Amino acid sequence: MWSSPMAHFQFEFETRVDWPRLAWIAELRNGESLVRVTCGTGVERRSDWFCEAAWDGPFDVGDFDRTDIVAGSGVRARGEALVFVSSGTILDRLNYIELEDRVLVSNSLSAMVAISDTRLDITYPDYHLDLGTICDGLDEVNDRIASSRGDIRLVYFENLAWDGECLAIAKKPRITRDFSTFALYRHFMQRTTKLIVENSRCLERERQFEPLVPLSNGYDSPTVAVFARAAGVRDAFTIARDRDGNDESGEAIGEALGFDIQVIDRGAWRKNNSPEIECIAGSGAAGEVSFDGLGEDLSGRLLLSGFWGGSPWDAHCEYPYATFPHHDGSGLCFTELRLSRGFLHCPVPFWGGLQIVDLINLSQSDEMLPWSVAGRYNRPICRRIVEEAGIPRGTFATDKHGSSDRLLSIWNFLPPESTASYQRWLRQHSFRWLRQGRVPPYPILGAIYDGLIAYGVLPVLRRIAIPVVRKLGAATGNARVKGCLVSLRRKVEFLDQEPLFARRYTFPWALEISSAKYR
């Protein structure tokens, strides 16, 4: 433990070797200048800042609070204020809780729950839906979780400021760039890639982060790979098959660009120490748990991903005027997992993402027509970047793939050991539901429920209801009938993919296990 003198605030650090490497929690007390910080061994500590982050500027200056391009998190002292800096994306967050005698701020929800000694209502079934509201954009997010000691607040993208008495949202810098032409946008993306790679590799760090690119044969990750390769990045990996068994491999693209590319099996993560628990504890889902097939090879990495590319790079993006509009949730599950594995997540499409309208206008401009294709799967910016890097048309982005693992659907579930742990947990806590006059989600009842949905309700909807309504709509042209068809399809998608009945409580179970390592 050691302290550092500052103009106003003082940090007192306690490093815990038994904590996840990149986790930290800060304790603030009203009127006190001392800020007590407990952290893992991978957190960089300086006299007036600390972080687990990379950004588009010199590392030793520590100006991660003065940019909107940040991977990770940290805290910066500025005069008589502390600025808590969140990721420059909506795929990571800060968490804080205001207690009677102190305020706790952390980059880990698990650490927050453990250190504040708070409890969640484990009988509440919709945590995964609440956490998923960030997928509707920053304007629609449900930013709090009720607990026994008050609301835990979730802060995506924006920063927080502490003046010694009050903690408040502080807007992240709004930096306007000129994206009026393709050349200007490409220059911005290439320069930013170079800067953030240099930051992550800086020798002033106690531990460097070596960049790594996940590659598929779609649009987004090959686009990121082109920028990364030009910035001197050599390492990439690919998952050979999507969740349906179709070819998703980016191996040929990686080799053509000059990467040293590693191919991993989609199910390799099941051999590791239950990474799905950390994924679920972070976001209520485990969509990209297959990335953990790399295991410890993720440690010390800056993961340059293409998540959220379907909005700023899509020529047909819906709701472009929202702040970070619709996202499919890809990458959200890294929130806790990356702290344990010790990697930074940097989803590149978020760079300049607040100017999404400018990017859509660019995609739809006459300049980009030669790289625009028919159909909904059309991302001219990506196509031009990848094709001009030498990857021929027809070898990528020919079809949309099912990349995410739907681990909590009726067709899939946790590995055997985690399934047994979850089922024991449900049985042990069944009295919580009984006290409320509700039927506990016993595993046997869950199996019956899942069977009815999978082999009763879904076949009826798919084979009878939808075809009948489709034909009726075509014959009559009635708008209400067409609306009913859309509603039925959404219902099928929900029943097919979402956690139901006995699978709706995996978040509090996973959070309880994840929090235990901080106690």
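Small disclaimer: the values here were computed from a predicted structure and weren't measured.
Side-chain atoms of T238 never come within 3.5 Å of backbone atoms of A240 as a donor-acceptor pair (strictly under, hydrogens ignored). A donor-acceptor pair under 3.5 Å is absent between the side-chain atoms of S363 and the main chain of A315, judged by distance alone. R438 places a side-chain N or O within donor-acceptor distance of the main-chain N or O of T123, the cut-off being under 3.5 Å. Formation of a donor-acceptor pair under 3.5 Å by the E276 side chain with backbone atoms of V289 is not found in this model. With D242 contributing its side chain and N246 its backbone, the two residues share a donor-acceptor pair below 3.5 Å. Between the side chain of W425 and the backbone N or O of T506 there is no donor-acceptor pair closer than 3.5 Å. For S274 (side chain) and I277 (main-chain N/O), no donor-acceptor pair under 3.5 Å exists by modelled atom type. Here the side chain of N272 pairs no donor or acceptor atom with the backbone of P275 at under 3.5 angstrom. R504 places no side-chain N or O within 3.5 Å of a backbone atom of P441 that could act as its donor or acceptor partner. In this structure, S311 contributes its side chain and H326 its backbone to a donor-acceptor pair below 3.5 Å.
Salt bridge status for D496 with R489: absent, with no side-chain N to carboxylate O gap under 4.0 Å. We find that R149 and D117 are not joined by a salt bridge, their nearest charged nitrogen and carboxylate oxygen being 4.0 Å or further apart. Ion pairing of R174 with D68 is absent here, as no side-chain N (NZ or NE/NH1/NH2) approaches a carboxylate O to less than 4.0 Å. At a threshold of 4.0 Å, the pair D101-R29 counts as salt-bridged, since one of the basic side-chain nitrogens sits closer than that to a carboxylate oxygen. The pair R379-D220 meets the salt-bridge criterion, with a side-chain N (NZ, NE, NH1 or NH2) lying under 4.0 Å from an Asp/Glu carboxylate O. For K172 and D65, the salt-bridge test fails: no basic side-chain N is under 4.0 Å from an acidic carboxylate O. E27 has a carboxylate O that lies under 4.0 Å from a charged side-chain N of R102, or vice versa, which qualifies the two as a salt bridge. R266 and D405 are joined by a salt bridge, as a carboxylate oxygen and a charged side-chain nitrogen come within less than 4.0 angstrom of each other. Note on R338 versus D92: salt bridge recorded, some NZ/NE/NH1/NH2 to OD/OE distance being below 4.0 Å.
No hydrogens or angles considered: a donor-acceptor pair under 3.5 Å links the side chains of E288 and S404. Checking E52 against N107 by side-chain atom types alone, a donor-acceptor pair falls below 3.5 Å. The closest side-chain donor-acceptor pair between S86 and E158, if any, does not fall under 3.5 angstrom. No side-chain donor-acceptor contact under 3.5 Å links T335 and S283. Side chains of S421 and W509: a donor-acceptor N/O pair is present below 3.5 angstrom, by distance only. H345 and S305 are linked by a side-chain donor-acceptor pair at a separation below 3.5 angstrom, with hydrogens and angles left out of the test. No donor-acceptor contact under 3.5 angstrom links the side chains of W411 and Q497, judged on distance only. A donor and an acceptor atom, one from each side chain of S148 and T118, are located under 3.5 Å apart. With 3.5 Å as the limit, one finds no donor-acceptor pair spanning the side chains of D314 and Y219.
In this structure, R490 places its CZ atom where only 12 or fewer heavy-atom neighbours from other residues, nucleotides or ligands lie under 6.0 Å away. Under a cut-off of 6.0 angstrom, the local environment of CZ in R480 is sparse, with at most 12 non-hydrogen atoms contributed by other residues, nucleotides or ligands. Within 6.0 Å of the CZ atom in R119, the count of heavy atoms belonging to other residues, nucleotides or ligands does not exceed 12. Counted within 6.0 Å of CG on D18, heavy atoms from surrounding residues, nucleotides or ligands total more than 12; the atom is thus considered enclosed. Within 6.0 Å of atom NZ in K482, 12 or fewer heavy atoms from other residues, nucleotides or ligands are found, so the atom counts as exposed in its surroundings.
Note on ring orientation: taking the six-membered ring where Trp is involved, the planes of Y422 and F413 are tilted (angle from 30° to 60°). Between F334 and F291, the angle of the ring planes lies from 30° to 60°, which puts this pair in the tilted group. Ring orientation note: the planes of Y127 and F507 are tilted relative to one another, at an angle of 30° to 60°.
The minimum heavy-atom distance linking C317 with I356 is given by the pair SG-CD1, 3.9 Å. P214 and L304 get closest at one heavy-atom pair: CD-O, 3.3 Å. A146 approaches D151 most closely through the heavy-atom pair CA-OD1, 3.5 Å. In terms of heavy atoms, S249 sits closest to E251 at OG-N, 3.1 Å. Among all heavy-atom pairs drawn from S290 and I264, the shortest one is O-CD1, 3.8 Å.
One distance of note links CD1 of I381 with CD1 of I360; it measures 9.0 Å at 0.5 Å rounding. Rounding to the nearest 0.5 Å gives a distance of 9.5 Å between OG of S409 and CD of E498. Taken to the nearest 0.5 Å, the CE atom of M112 stands 4.5 Å off from the CD1 atom of I25. If you take CG on D143 and CD1 on I134, they are separated by 9.0 Å, rounding to the nearest 0.5 Å. The CG atom of L167 sits 12.5 Å away from the CD1 atom of I97 when rounded to the nearest 0.5 Å.
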I would like to know whether S514 and E278 meet side chain to side chain donor-acceptor pair (under 3.5 Å); could you show each step before the answer?
CA-CA 6 Å; S514 179; E278 292 298 316; 3.2 Å; yes
Apply side chain to side chain donor-acceptor pair (under 3.5 Å) to residues S106 and S108 and explain how you reach the verdict.
CA-CA 5 Å; S106 179; S108 168; 4.8 Å; no
Run R519 and K517 through side chain to side chain contact (heavy atoms under 4.5 Å, CB included) and show every step you take.
CA-CA 6 Å; R519 296 188 186 277; K517 60 181 173 287; over 6 Å; no
Might you work through the side chain to side chain contact (heavy atoms under 4.5 Å, CB included) test for H327 and L91, ending with a clear yes or no?
CA-CA 10 Å; H327 176 58; L91 302 189; 3.4 Å; yes
Evaluation steps, side chain to side chain contact (heavy atoms under 4.5 Å, CB included), between I196 and F209:
CA-CA 10 Å; I196 206 164; F209 290 89; over 6 Å; no
Steps toward side chain to side chain contact (heavy atoms under 4.5 Å, CB included) verdict (W313, W308):
CA-CA 9 Å; W313 292 338; W308 196 62; over 6 Å; no
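Between F84 and Y96, a ring centre-to-centre spacing not shorter than 6.0 Å is recorded. Aromatic pair W24/F50: centroids less than 6.0 angstrom apart. Between W19 and Y518, the ring centre distance stays below 6.0 Å.
Just one of N95, T133, L94 meets the side-chain contact (heavy atoms from CB on, under 4.5 Å) condition when paired with L154; it is N95.
By the side-chain contact (heavy atoms from CB on, under 4.5 Å) test, S299 pairs with R21, E296, sequence neighbours left out.
Pairs of residues two or more places apart, or lying in two chains, that qualify as side-chain hydrogen bond (donor to acceptor under 3.5 Å, both in side chains) and include a residue from residues 441-455 are D450-R503.
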